[in-house]
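Just so you know, ligand 1 is whichever comes first in the structure, and atom 1 is the first atom listed for that ligand. Basis for what follows: all heavy atoms, side chains included, without hydrogens, waters or symmetry-related copies. Sequence positions, counted from 1, serve as the residue numbers for this chain.
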Amino acid sequence: MKCDICNNEAVTYIRYNGTHLCSEHFMKFVEKRVKKEIRRQVNLHSGDIVGVAVSGGKDSMVTLHLLHSILGERRDIDIQCITIDEGIEGYRRPSMEIVKEFCKDRGIRYNECSFSDKFKITMDEAAPLSGDSSPCTYCGVFRRNSMNDVARRIGASYLATGLNLDDTAQSIMMNFTRGDIERLARLGPHKKVQPGLIPRIQPLRMIPEKESLLYAIVAGIPFHNGICPYSDEALRNQYRNVIDELETRSPGTRHSIISSYDQLMPMLSSHVKPAELRKCECGEPTLSERCKACELRIALAKSKG
Ligand code: SF4
């Protein structure tokens, strides 16, 4: 297979647009869309700090690499890494080492926060107590709370995550089928700034998971390839399977899901008004007296005895 642009050896075939690309043109293809997405999602100003949530997996490492190389040219923007240690034995520590090393090499400031320090429980301790819920329910709430907390403490104007096209299509479908319109309306990227909540940006929003993996490989970006021992229980897996099957039959399905969502977004925003947020005792914004993370932390502490 030859690249459709330069006739060099192709490394991939992009099914949804029918092109063969060599490594150089594939990288340019990804970078162009990420730059466009950053421009579309955010208007950065001099002095802005962008926190990047990095687990060490391919998507977050590619996000950190791309933001650092795209925005690194602007000396007035500070890119900082935020890593959360959920406390999952044999899984998170090796990935954190990769992140730390990468940040050291590139001169990126590294910030860390652990569930055990913040919530006095690790995911390995929480998982057996999660009952009928998936451990991911606890992990997701604690992680979002921790990321927002660290981002606010470092003075970040934005928090970038490594959510790719597949993740985004899955999140839209999950909230749509559950009828959770409020959460559907609150999915990032965020245009409105809510007090205490750091707006999220998603530079890989239009990049499929397979392209993120290939980009990491061809660009030589180190990443951790481990699988979380609790990932089998994630509800998201069911949606991943359904969307993958639809995409195989009709290439472009994921793009269509996102495009439909984006067209509906103005209507969703006018239907779901921004909620009045209070401040939880932990300092995080909340709809009720206590934030969800504190509610779960207290329930787990009770079950732990
Ligand atoms: Fe947390 Fe679930 Fe992801 Fe594991 S798979 S890191 S438990 S959200």
Side-chain angles (χ1 to χ4, degrees), residues 51-64 81-100 111-151 159-175 178 180 183 186-188 200 202 204 209 212-213 216 223-244 284 291-297 299-301 303-304:
V52 187
V54 186
S55 66
K58 62 184 187 321
D59 299 315
S60 59
M61 291 299 285
V62 168
T63 304
L64 181 61
C81 171
I82 300 174
T83 295
I84 309 298
D85 179 5
E86 301 94 343
I88 302 172
E89 184 66 34
Y91 172 66
R92 183 53 73 220
R93 277 281 145 198
S95 68
M96 289 171 78
E97 290 310 315
I98 294 171
V99 182
K100 268 190 220 168
N111 304 277
E112 189 181 306
C113 168
S114 74
F115 283 7
S116 73
D117 282 347
K118 194 165 163 50
F119 304 108
K120 309 296 172 216
I121 192 162
T122 65
M123 265 319 291
D124 285 335
E125 291 165 337
L129 306 173
S130 54
D132 291 341
S133 311
S134 153
C136 300
T137 307
Y138 291 82
C139 189
V141 170
F142 287 164
R143 187 145 31 87
R144 280 192 292 278
N145 178 295
S146 306
M147 289 190 309
N148 195 63
D149 183 23
V150 180
L159 175 62
T161 66
L163 289 180
N164 58 42
L165 180 85
D166 298 60
D167 299 326
T168 308
Q170 288 154 20
S171 298
I172 292 168
M173 291 306 285
M174 277 167 73
N175 289 304
R178 283 194 299 217
D180 196 340
R183 192 174 282 191
R186 286 203 305 268
L187 288 177
R200 304 279 181 91
Q202 299 162 0
L204 303 190
E209 186 171 356
S212 169
L213 173 63
F223 63 92
H224 184 239
N225 210 7
I227 295 173
C228 173
Y230 308 115
S231 63
D232 275 357
E233 298 173 49
L235 173 69
R236 182 172 284 278
N237 291 337
Q238 296 169 24
Y239 287 86
R240 173 177 290 121
N241 295 340
V242 171
I243 293 172
D244 283 355
E284 282 302 295
C291 73
K292 191 80 188 148
C294 281
E295 271 178 25
L296 294 179
R297 171 180 57 79
L300 284 170
S303 326
K304 213 172 153 191

remark   = Taking only non-hydrogen atoms of Cys139 and a 4.0 Å limit, the atoms of ligand 1 in range are 1 (Fe), 6 (S), 7 (S), 8 (S)
inquiry  = Need the ligand 1 atom indices (1-based, order shown) with element for anything under 4.0 Å from a heavy-atom of Arg143.
reply    = 1 (Fe), 3 (Fe), 8 (S)
ask   = With a 4.0 Å cut-off, would you call Arg93 and Glu112 a salt bridge?
value = yes
key: Ionic contact status for Arg240 with Asp166, cut-off 4.0 Å   = no
ask   = With distance as the sole test, does Ser114 use its side chain to make a donor-acceptor pair with the main-chain N or O of Asp85 at under 3.5 Å?
value = no
ask   = Donor-acceptor pair, Thr161 side chain versus Gln202 backbone, under 3.5 Å?
value = no
request  = Under 4.0 Å, heavy atoms only, figure out whether ligand 1 is touched by the backbone of Cys228, its side chain, both or neither.
outcome  = side chain
Atom 1 (Fe) of ligand 1 to nearest N/O/S of Cys136 below 2.8 Å = no
